[in-house]
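Below is one structure, written out as C-alpha cells; comments come after it.
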Amino acid sequence: MLPKTYDPGPVEDKWSEIWQKEKLFISAADKGRKPFVIVIPPPNITGALHMGHALNNILQDSLVRYERMTGKEAYWVPGTDHGGIATQNVMEKMLKTEGRTKEDLGREKFLERMWAWYWVCGDTILNQLRKLGCALDTGKANVRFTMDAKRATAVFEAFSALWKKGLIYRGERMINWCTRCGTALSDIEVEYEEEKSKLWHIHYPAADGSKGLTVATTRPETMLGDTAVAVNPEDDRYKTLIGGKLKLPLAGRVIPVIAESVVDKTFGTGAVKVTPAHDPADFEIGRRHGLQFIRVIDFTGRMVNCPEKYRGKNAQAARKEIVEDLKAGEFLEKEEHYRHSVNKCERCHQHIEPLVSEQWFVKMKDLAAPAIKAAESEEVKFYPSSWKKPFIEWLKNIQDWCISRQIWWGHRIPVWYCKTCSSAALRFSAAGELSRVSFKGGAKPAVSFAKPPKCPDCGGADFVQDPDVLDTWFSSALWPFSVFGWPQRSEELAYYYPTSVLVTGYEILYLWVARMVMSGIEHMGRPPFSYVYVHGIIRDRHGKKMSKSLGNGIDPLSMTDKYGTDAMRFAILSQAAGGKDIPFSEEALIGGRNFVNKIYNVFRFIMMNLPENSGITSLDEKQLKALKASGALTLADDWILERYGGALDDVKACMADYDIGNAVSVLYRFFWDDFCDWYLELAKPRLETADKAVTLGILLHLFGGTLKALHPFMPYVTEELFSGLKAYTSPDKPFLLKEKYPFSLSAGGGPAGLFGGQPSAFSLQSSQAESSMKKIMGVVTQIRTLRAEFEIPPARTVKTLITSADKNALELLKKHESYISRLARTEGLEIAPDLARPARAASALSDAFNIYVPLEGMIDLEKEKARIAKEAGRLGSDLALCEGKLKSPNFISRAAKAEVDRVVSRKADAENKLARLETILRELA
RNA sequence: GCGCGGUUAGCUCAGCGGUAGAGCGCCUCUCUUACACAGAGGAUGUCACAGGUUCAAAUCCUGUACCGCGCACCA
C-alpha cells in the first residue's frame with residue numbers, strides 16, 4: 001500500500017542521478033531537427049545559489065524541457081562565470097579569516113587558491129542546479145567556465161580583433177575607482193544610493209582681499225584640489241568676478257574664476273568649485289579651460305598633495321577636519337541638510353572615487369549601432385516588449401567601456417611590453433611585479449596570447465605582461481559563441497548559433513545582454529539569440545527585495561528540502577507572469593506541495609483500482625476515437641476529453657508567448673477542478689461496472705497525458721509517477737522527459753507557435769458536451785448548497801425532486817441521473833415534469849430546473865423564506881439592469897446584435913426564474 | 001528632471017470594452033473506501049481619485065495622488 005502523502009526527497013535524488021547517468025541532456029548536432037538552444041547565464045562562483053538563480057534556471061529548464069518534448073533538438077549549455085571582482089572579494093574575505101591578505105600570498109599563490117576555490121564552488125553550483133531539476137548535463141566534458149582554456153582563446157581572439165580594428169585603446173580618463181576593491185569599474189558597475197548629507201557653503205575670498213564669492217559643495221575635502229571656480233556667464237551676481245582670482249582657503253593657492261554655461265544659476269550659490277581631478281563634470285571643465293589637474297585623493301582613498309595635516313588621512317576623515325578648519329577660519333557660511341545620490345561600488349558598496357587614470361577602453365559607438373538596429377527591427381525581440389525601448393535608449397547613450405581592472409582574478413590583458421624598449425613607462429612593485437604601465441610615458445604594447453618570442457625593436461626577449469585583467473563581462477559578452485568553441489568554426493558552432501532564447505533578469509540587461517548582442521554581431525555576424533525573455537526578481541511576500549541586511553531572504557535549497565523541488569518550481573512558475581517581480585513566501589510553497597500531493601494521490605487512486613495482470617492499458621487517441629464513434633463514451637468522457645484538449649491548446653498558446661505562469665495555471669485548473677473534482681468522482685462508480693476497463697483506459701490516457709504536460713514544470717514527480725504507470729501507458733518508452741508533448745487531442749498537434757490547425761476530435765460536439773455538463777453541474781451545486789445550508793452531513797443521502805417545464809432538459813437529467821445522485825448524494829431522485837413542491841422542502845433553482853429537497857423537521861420556514869427572497873432580490877436587480885439597457889434606444893441601435901440578444905435572453909431568464917421563485921414564496925406563506 | 005510599471009476581496013495577484021475572478025486567509029459542515037497537504041458550501045470589493053470617449057469603462061484617453069523601478073555630470 002502506497003503511503004498517503006508524497007515524499008519528494010528520495011524521488012528527486014533518484015531521478016536526478018538517473019538523468020545524469022543516462023546522459024539525457026547531452027545534445028548532438030542533428031541536421032534533421034531544429035535545434036532549441038539556451039546558454040545558461042553562468043552563475044558567478046561566489047558561493048551558493050540564491051532565489052534569483054532558482055527562478056532564472058527553473059524558467060530555462062521549463063522552456064528546454066518543453067521544447068524537447070515538442071520534438072526539437074534541445075540543448076541547454078551549462079557553465080559558470082569566474083565573476084571577477086565579486087569572486088576575488090569572496091576569496092579576500094576568506095583570507096581575512098585566516099588573518100592574511102592577497103598581498104601576503106602574492107599573485108601566483110593567490111590565483112592557485114582561486115582555482116582551487118573554483119573547483120569546489122563550481123561543483124556546489126552544479127549540484128544545486130541538478131537539485132533544482134535542471135536538465136543540464138553536468139559532466140566535466142560538457143560544463144563550460146568563462147576562464148577555461150577554450151574560453152581564454154575566445155577572449156584573446158576578441159581582444160585582438162577589436163585591437164586590430166582600433167576599437168580597443170588605452171587612454172587617460174576619469175574613471176570610477178573603488179578604493180576598497182582597488183580597481184577601476186565601468187559606469188554600469190556603479191550604483192547610486194540616496195544618502196542624507198550636507199551641502200556646505202564655503203567662502204572663497206578674492207586674492208586681492210576683496211569680497212570673493214561662496215561656493216556650495218557636497219564634497220568639501222576635494223576643495224584642496226580646486227583649480228578654479230566656475231559661474232554662469234549670464235549670472236549678474238558674478239559677472240564682474242569672471243577672470244578674477246580667488247584665494248583657496250586652507251590651501252592658500254590662487255585660482256581663477258571662469259565662465260561656464262553648464263553652471264546652474266539656481267542651484268546652491270550659483271558658483272561651483274572646480275576640481276578637475278575628482279569630479280567627472282569638473283574633469284570636462286578642466287579640459288575645456290586648460291586647468292591644472294591636482295590629485296588630492298590617491299588610489300587608496302587617502303589625501304595627498306595637500307597641507308601636511310591632512311596628508312595620508314582617508315578622505316572621509318579629512319572631510320570632518322576640513323569642515324572644522326573652515327569653520328574655525330570663518331570660511332564656512334552655511335551647512336544645509338541635503339539628500340543626494342552617492343556613487344557606490346556594486347560589489348562592496350563602498351563610495352566610488354572618480355579619479356583620473358590610464359585604463360583600457362572599448363570604443364562603443366560603432367559596436368552599438370548594429371545592435372540598436374537589431375533591437376529596433378526585432379531581430380532580437382524582448383519579452384515583455386516593454387524592455388525594447390530602454391534597451392535601445394541605453395545603447396544610444398552608450399559611453400566607452402572601461403575594460404581594465406586592477407585585480408588578479410580574471411583574464412589577464414593579452415598585451416606585453418618589452419622591458420628594454422618600454423622601460424621608462426613601466427613601474428614595478430617591491431616584489432618585482434609590473435604594477436603600472438604608462439602609455440603617456442611611451443609604453444609599446446604587443447598584443448599576444450603568450451609571451452612574444454622577440455622584440456621587433458630591440459630583439460630582446462624580456463617581456464612583461466600588462467598587470468591588469470579584463471572586466472569579467474568582457475568574457476561573458478562572448479558566451480553565446482565561446483561556449484561552442486569559437487573562434488574555431490566547428491560544426492557545433494554552426495548548428496547551435498545563434499541560440500534560441502536568452503532568459504535573464506532585468507538587472508543585467510545592459511551589463512550583459514547588450515554586450516552579448518554587440519559582440520555577437522561583431523564577431524559572428526549576427527545577434528546571439530532571437531528572443532530575450534526578461535524576468536523579474538524574487539521578492540518577499542510584501543514585495544520587498546530580499547536582502548541579507550533585511551533578513552528576509554529565502555534559501556532555495558532549504559525550501560526544496562522542506563517542500564520538494566517540484567513544489568518550489570510550481571510556486572515560482574505559477575507566479576511568473578509578464579516579467580514582473582515575484583512575491584514569494586513559504587505559503588506559496590505549501591500550495592505547491594499540496595498540488596504535488598494531489599497529483600500523487602490520483603496516481604495512488606489509479607493504482608489501487610488497476611487489477612494486476614489485467615492487461616488494461618492506456619487508450620490511445622485512435623482507440624478513443626473508435627470508442628466515440630461506436631457510442632461507447634459517456635457524456636463525462638466527452639466533456640473531460642474536450643476540456644483536456646482545450647487545456648493543452650491553451651498551454652500551447654501560452655508557451656508560444658513565453659507565458660509560463662499561465663500555462664502552469666491552466667494545467668493546474670484542468671487537473672484539479674475538472675479532472676479531480678468532477679471527472680474522477682464520476683469515474684468511481686463506473687469502476688464497479690462492466691465499463692471498468694474503458695474507464696481505466698481513459699483515466700490512464702488523461703493522467704499520463706497530464707503528467708507529460710506538467711513535466712516541463714514539475715519534472716520529478718511526473719517522471720516518478722509516469723515510471724510507475726509505464727507498464728500501462730508507454731511500456732517501450734523509458735523516460736517521460738523524452739516523450740512527446742501530448743498535443744494529439746488538441747487542435748494544432750504541432751509544436752508551440754503553430755497552432756490554429758484542425759479542430760480536435762472532441763471539439764465538434766464541444767458546445768453540446770460542455771453545455772450538458774454545465775446543466776448537470778449546476779443542479780448538483782444547487783443540491784449541495786441546500787445540503788450545506790441545512791448542515792446535512794456528507795455521509796447522509798437526501799431525497800430530491802427535480803422538475804422543469806423544459807422536456808429536453810429533463811430528459812438530459814434523467815439520462816444522467818446517476819451523475820446527480822452520486823455527486824449530490826441523493827436517494828430516491830425523482831426527475832419529472834409537473835412535480836409538486838413537497839410541503840416541508842428546501843427549494844432552489846438551476847437553469848430551467850426547480851429543485852426540492854424535502855427536509856422533515858429540519859427546515860426553518862422563516863429562514864427558507866429569507867433565503868429565497870434574497871435570491872429573488874438578486875434576480876430582481878439583474879432584471880432591472882437588463883430592462884434598463886433594453887429601454888435605451890441607443891443601446892438597441894448601437895450595441896452589437898449579439899450583445900442585444902444576450903441581454904434579451906438574460907432578461908427572459910431572470911423573469912422566468914423570478915416567477916418561479918415567487919410561486920415558491922407564495923406557497924411558503 | 002525624464003522614462004517605465006503599478007494602484008482590483010484581509011494578503012499576493014489575474015482580468016484590460018459587455019452583470020467583478022483565482023490562490024492563500026476567514027466562517028460552516030465533514031476523516032464519504034485517492035488525497036484533511038482533502039472534500040462540500042459560504043462571506044468579503046463605489047476595481048486609487050477626478051474628468052472625458054462610448055449605447056456600455058476595472059478595462060480606452062487626459063489629468064491628479066501615492067508606491068516601485070530604471071536613466072541623468074545639479075556641484
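A, B, ... follow the sequence lines: proteins, then strands. Residue 1 opens every chain.
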Thinking salt bridges, do Glu586(A) and Lys562(A) make one under a 4.0 Å N-O criterion?
yes
Are Phe391(A) and Trp387(A) an aromatic pair, judged by ring center distance below 6.0 Å?
no
Is Glu393(A) paired with Lys389(A) through a side-chain N to carboxylate O contact shorter than 4.0 Å?
no
C4(B) and A36(B): how far apart are their C1' atoms, nearest whole angstrom?
46 Å
Hey, does the side chain of Lys4(A) come within less than 4.0 Å of C35(B)'s phosphate (OP1/OP2), counting only N and O?
yes
Just to be sure I understand the rule, does Ala788(A) reach a base, reach only the sugar-phosphate, or reach nothing, if contact means heavy atoms closer than 4.0 Å?
sugar-phosphate
For nucleotides G21(B) and C16(B), find the distance between their C1' atoms and express it as a whole number of Å.
13 Å
If you check every side-chain atom of Asn601(A), which of A34(B), U19(B), G6(B) has the closest atom?
A34(B)
Pairing stems for RNA chain B [at least three consecutive pairs; Watson-Crick or G-U; under 3.5 angstrom]:
B:1-7 with B:65-71, B:10-13 with B:21-24, B:26-30 with B:38-42, B:48-52 with B:60-64
Nearest to side-chain heavy atoms of Cys676(A), which nucleotide of U30(B), G18(B), A34(B):
A34(B)
If the C1' atom of U64(B) is compared with that of G25(B), how far apart are they to the nearest Å?
34 Å
Tell me whether the side-chain N or O atoms of Arg604(A) pair up with the base of C35(B) as donor and acceptor below 3.5 Å, since no angle test is needed here.
no
Nearest heavy atom decides the nucleotide; on that basis, is Gly268(A) or Lys684(A) closer to the 5' end of RNA chain B?
Lys684(A)
Phosphate-side-chain proximity, Asn890(A) and U54(B), N/O vs OP1/OP2 below 4.0 Å
no
Go nucleotide by nucleotide along RNA chain B from the 5' end; which of Arg902(A) and Asp581(A) gets its closest nucleotide reached first?
Asp581(A)
Atom P, compared across C66(B) and U19(B): separation rounded to whole Å
35 Å
Check the orientation of Phe671(A) and Phe595(A). Use parallel for under 30°, tilted for 30 to 60°, and perpendicular for over 60°.
perpendicular
Nearest-neighbour nucleotide for the Arg825(A) side chain, U32(B), G70(B), A43(B) considered:
U32(B)
Describe the nucleic acid contact of Phe570(A) in one word from base, sugar-phosphate, nothing, applying a heavy-atom distance below 4.0 Å.
nothing
Rounded distance in Å between the P positions of G17(B) and C2(B):
30 Å
Picking from C37(B), U19(B), A75(B), which would you name as closest to the side chain of Arg906(A)?
U19(B)
Under-4.0 Å side-chain N/O to phosphate OP1/OP2 contact, Lys885(A) with U19(B):
no
Please tell me which of the listed nucleotides, G39(B), U32(B), A75(B), lies nearest to the side chain of Ala795(A)?
U32(B)
For Ala230(A), report the nucleic acid contact type (base, sugar-phosphate, nothing); a contact means any heavy atom under 4.0 Å.
nothing
With a cut-off of 6.0 Å (strictly less than), are more than 12 heavy atoms of other residues, nucleotides or ligands near CD of Gln399(A)?
no
Pairing of Glu335(A) and Lys198(A) as salt bridge, 4.0 angstrom limit
yes
Proximity to the side chain of Pro794(A) - top-ranked nucleotide from G18(B), G42(B), G39(B):
G39(B)
Presence of Lys598(A) side-chain N/O under 4.0 Å of C37(B) phosphate oxygens OP1/OP2:
no
Could you measure between the two P atoms, the one in U54(B) and the one in G70(B), and give it in whole Å?
41 Å
Do Glu681(A) and A34(B) share a donor-acceptor pair, side chain to base, under 3.5 Å?
yes
Under a 4.0 Å N-O cut-off, is there an ion pair linking Lys265(A) with Asp235(A)?
no
Using the P atoms only, state how far G5(B) lies from G63(B), rounded to an integer number of Å.
14 Å
Aromatic ring pairing Phe267(A)/Tyr338(A), orientation class (parallel under 30°, perpendicular over 60°, tilted between)
perpendicular
Answer yes or no: does a side-chain N or O of Trp672(A) lie under 4.0 Å from OP1 or OP2 of G23(B)?
no
Closest to the Val272(A) side chain, choosing from G18(B), A75(B), A36(B)
A75(B)
Checking G18(B), C73(B), C35(B) against the side chain of Ala281(A) (C-beta onward), the nearest is C73(B)
May I ask you to check whether Phe570(A) and Phe713(A) place their ring centres under 6.0 Å from each other?
no
It should be established whether Tyr668(A) places a side-chain nitrogen or oxygen under 4.0 Å from OP1 or OP2 of nucleotide A22(B).
no
Let's see if you can work this out: which of C37(B), C74(B), G18(B) has an atom nearest to the side-chain heavy atoms of Phe267(A)?
C74(B)
Closest to side chain of Glu587(A), choosing from A43(B), C13(B), C24(B)
C24(B)
C71(B), OP1 or OP2 - any side-chain N/O from Lys396(A) closer than 4.0 Å?
no
Roughly how many Å apart are C13(B) and C47(B), using the C1' atom of each and rounding to a whole number?
13 Å
Classify the ring geometry of Tyr600(A) against Tyr6(A): parallel below 30°, tilted from 30° to 60°, perpendicular beyond 60°.
tilted
